[in-house]
Amino acid sequence: MTVIILRLIFLNGDYVVTLNDIARQGANGAAMMPIIQGVGRAAIEISAVLRGAVFRGALGQAGAENVQGEQQQKLDILSDEIFLDEMRSTGFVCAVGSEEQEELLVIDEYSGADYLVLVDPLDGSSNLDIDGPVGTIFSVVKRKTEKSKCPHVSDTLQSGQSVIAAGYVLYGPALMLVCSVGAGVNGYTYNPSDARFELSHPDIRIPETGGYYSVNESNADKWLDNMGANLERLKQETGLGMRYVGAMVADMHRTLLKGGIFLYPADDKNTSGKLRLLYEAIPMGFIMEQAGGKAMSRDIGVLNIEPEALHQRVPVYFGSEKKVNILLGI
Ligand code: P6P
């Protein structure tokens, strides 16, 4: 209490809520706060690298493919390294499963720690060359293997029901960190004058009305699961406008704040969908449901899918419950 009083004195009476407040949220806040603080440090470092990238020739492709068969951007690799380093610095993470790494990355110095983090370090990185928004997506699960044993990829194969914390960083005009430890969703914006994240969007709830539908409609003629007809029904019944950035974090953040629906259906090229279950669909689905929305994948809640592989892909339909139900005809 003394610390708070001192702050009130020195910050002309305004008590500022920072990421430290997470320690008071729900049953898992105290355990998750150090890890989310680590995500915040990584976000600040990655943001600085992105803003100076053009001057250091760091934009563009790295000349290698990731396990997804996608061209890696130089900044994908650098962001992955920064994120891993900050997870190591927390002392609470034993391993990281990353979009940019084929295998699970064990943090040797902390292989006995309790938690694993799944991450897409730089989501939507194809937007970088046009100075578009990109993001980092993460989720945290507790290990299943004994602490005396080496963490194993099977530790990551847990459904969204086992997620302890999840969230995303949005590198936009402002630097934002939106996260949940299972007690609702809060948005924090980096305040450069105080050099820290401060609560800017308390208790985010997806609006039931309004918003947009957000999908890459150029794939419509290839969609599976009758999604072409389903989307036409949604458009007819709701009259929603369309917005699409091509970076999941930006499209989902707009859906969360303005309402509507984000979808990436399976198609005859990506018959299981394009987005990755463990470090895109589950964390973003967790956030969507914590914000009062609905997160489906075909006919099952995305948080109920039992993962079978680290880089498994799934179709996603995430948004306000009413819009998801209209899309799926339920
Ligand atoms: P498309 C970015 O590459 C990503 O993984 C997501 O961030 C985004 O939602 C999706 O792919 C965009 O895919 O095929 O529309 O470019």
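In listed order, ligands and their atoms are each counted from 1. The chain is numbered in sequence order, starting from 1.
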Worksheet item: Does a salt bridge link E86 with R41, judged by any charged N lying under 4.0 Å from a carboxylate O?
Response: yes
Discussion item. Working to the nearest 0.5 angstrom, can you tell me the gap between L50 CG and L122 CG?
Written reply: 6.0 Å
Worksheet item: Can you list the residues that meet the side-chain contact (heavy atoms from CB on, under 4.5 Å) rule with Y213, with sequence neighbours excluded?
Response: V215, E217, L231, L234, K235, L240, M242, I261
Worksheet item: In terms of ring plane angle, is the pair Y244 and F262 parallel, tilted or perpendicular, where the classes change at 30° and 60°?
Response: parallel
Worksheet item: Can you list, by chain and residue number, every protein residue with a non-hydrogen atom closer than 4.0 Å to ligand 1?
Response: D123, G124, N216, Y244, G246, A247, M248, F262, Y264, K274, L275, R276, E280
Worksheet item: Out of L177, V169, L175, which one pairs with Y190 under the side chain to side chain contact (heavy atoms under 4.5 Å, CB included) rule?
Response: L175
Discussion item. What I want to find out is whether D114 reaches K147 closely enough, with some N-O distance under 4.0 Å, to be called a salt bridge.
Written reply: yes
